[in-house]
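This report refers to the structure that appears directly beneath it.
For the single chain, residues carry numbers from 1 onward in sequence order. Just so you know, these numbers come straight off a predicted model, no measurement behind them.
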Amino acid sequence: MSKRSHTGTFSKGFFILLIFIVSICKQTLAQSQLQQFDDRVMIDLQNRRTPEQTGIMLFLSKNLLYGNIGVPAGLLVAGTINNDKGMRENAAFVASSTALSYGLTLLLKHIVKRPRPFIQNISITPVYRASGTSFPSGHTSSSMATATALSMAYPKWYVIAPAFLWAGTTSYSRMYLGEHYPTDVAAGAALGVGSALSMSFLKAK
């Protein structure tokens, strides 16, 4: 199958995914039981905070770009130095997956416009007050896209384990810090993985 055919399949698949997410998110987020679950998790997390954990979670959240940009940049530099075409193609694959997840996250945030947890519920106290809207989590979607694409390009345990440990911990940090609900993070994870899968036609053969 040609790359053009793959691109067409990707476009259709991602359009369907986007419609699905938009159609269900407004319904599920409005359900009181789900909102109550989200609130309970957030309040429980804030009650368990410690200075040491908070420092780690802040570091992960505030240094997200080092992973999202550093991984494809490192692949590109190494591929250029070693004249490795496959590595350069994988750099484009990872970067495109992350960029796509970022763009779709912004689109969904604009459509759904879910308030941040600390705005929606005054009982939730964040470590700091981020701007913008809450659904889905951009930190989660982009880190999961980076981790998934990298793991698909290099399916070795020593790549997969640290990649998803970083992405998973970063995702958790958004709830811990009081910036995103669990449902925001779950949607971000699905969007990130979906972005990488949809851009897999760019992966080196």
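Counting heavy atoms from C-beta on, the side chains of M42 and F118 never come closer than 4.5 Å. Using a 4.5 Å heavy-atom threshold, the side chains of T133 and V112 count as separate. Residues E179 and P126 form a side-chain contact, since some pair of their non-hydrogen atoms from C-beta on lies under 4.5 Å apart. Using a 4.5 Å cut-off on side-chain heavy atoms (C-beta onward), L58 and Q53 make no contact. Side chains of T183 and L34 form a contact here, defined as non-hydrogen atoms less than 4.5 Å apart. Residues P117 and D38 are not in side-chain contact: their nearest non-hydrogen atoms beyond the backbone lie 4.5 Å or more apart.
When only modelled atom types and interatomic distance are considered, S61 and S173 share a side-chain donor-acceptor pair under 3.5 Å. A side-chain donor-acceptor contact under 3.5 Å links T146 and N68. Using a 3.5 Å distance cut-off with no hydrogens or angles, the side chains of R116 and S131 do not pair a donor with an acceptor. Side-chain contact of S134 with D184: a donor-acceptor pair under 3.5 Å is present, judged by distance alone. No hydrogens or angles considered: nothing links the side chains of Q46 and Y176 as a donor-acceptor pair under 3.5 Å.
The heavy-atom pair separating A189 from M144 by the smallest distance is CA-CG, 4.0 Å.
Shown here are the side-chain contact (heavy atoms from CB on, under 4.5 Å) partners of I56, two or more places apart in sequence or in another chain: L60.
Criterion: ILVMFWY side-chain heavy atoms under 4.5 Å apart, direct or through other members. Under it, L197 and L202 are part of a common hydrophobic cluster. L100 and V94 fall into different hydrophobic clusters, where Ile, Leu, Val, Met, Phe, Trp and Tyr residues are linked whenever their side-chain heavy atoms come under 4.5 Å apart, directly or through other members. There is no path of hydrophobic side-chain contacts, each under 4.5 Å, that joins I111 to Y102. Tracing side-chain contacts under 4.5 Å through hydrophobic residues (I, L, V, M, F, W, Y), one never reaches M152 starting from W157; they form parts of separate clusters.
In this structure, F59 CZ and T54 OG1 are separated by 15.0 Å, a value rounded to the nearest 0.5 Å. How far CD1 of I160 is from OH of Y154: 13.5 Å, rounded to the nearest 0.5 Å. Atom CZ in F93 sits 8.0 Å away from atom CE in M199 (nearest 0.5 Å). Atom CE in M175 sits 9.5 Å away from atom CE in M57 (nearest 0.5 Å). The distance from the CG atom of L104 to the OG atom of S141 is 8.5 Å, given to the nearest 0.5 Å. Annotation: the span from T125 atom OG1 to L177 atom CG amounts to 13.0 Å, rounded to 0.5 Å.
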Quick one: side chains of residues 69-82, donor-acceptor pairs under 3.5 Å with protein atoms, not counting sequence neighbours, listed by atom name and distance.
unit_1	atom_1	unit_2	atom_2	d
T80	OG1	L76	O	2.8
N82	ND2	A78	O	3.1

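A distance-only check finds a donor-acceptor pair linking the side chain of S101 to the backbone of T98 [under 3.5 Å]. Using a distance-only test at 3.5 Å, with no hydrogens or angles considered, a donor-acceptor pair links the side chain of N47 to the main chain of I43. In this structure, D84 contributes its side chain and M87 its backbone to a donor-acceptor pair below 3.5 Å.
Residue pairs meeting the salt bridge (Lys or Arg N to Asp or Glu O under 4.0 Å) criterion with at least one member in residues 39-48, sequence neighbours excluded: D44-R48.
For the pair K113 and F135, the cation-pi test (distance below 6.0 Å, angle within 45°) is failed.
Applying the 6.0 Å contact sphere to CZ of F37 captures no more than 12 heavy atoms from other residues, nucleotides or ligands.
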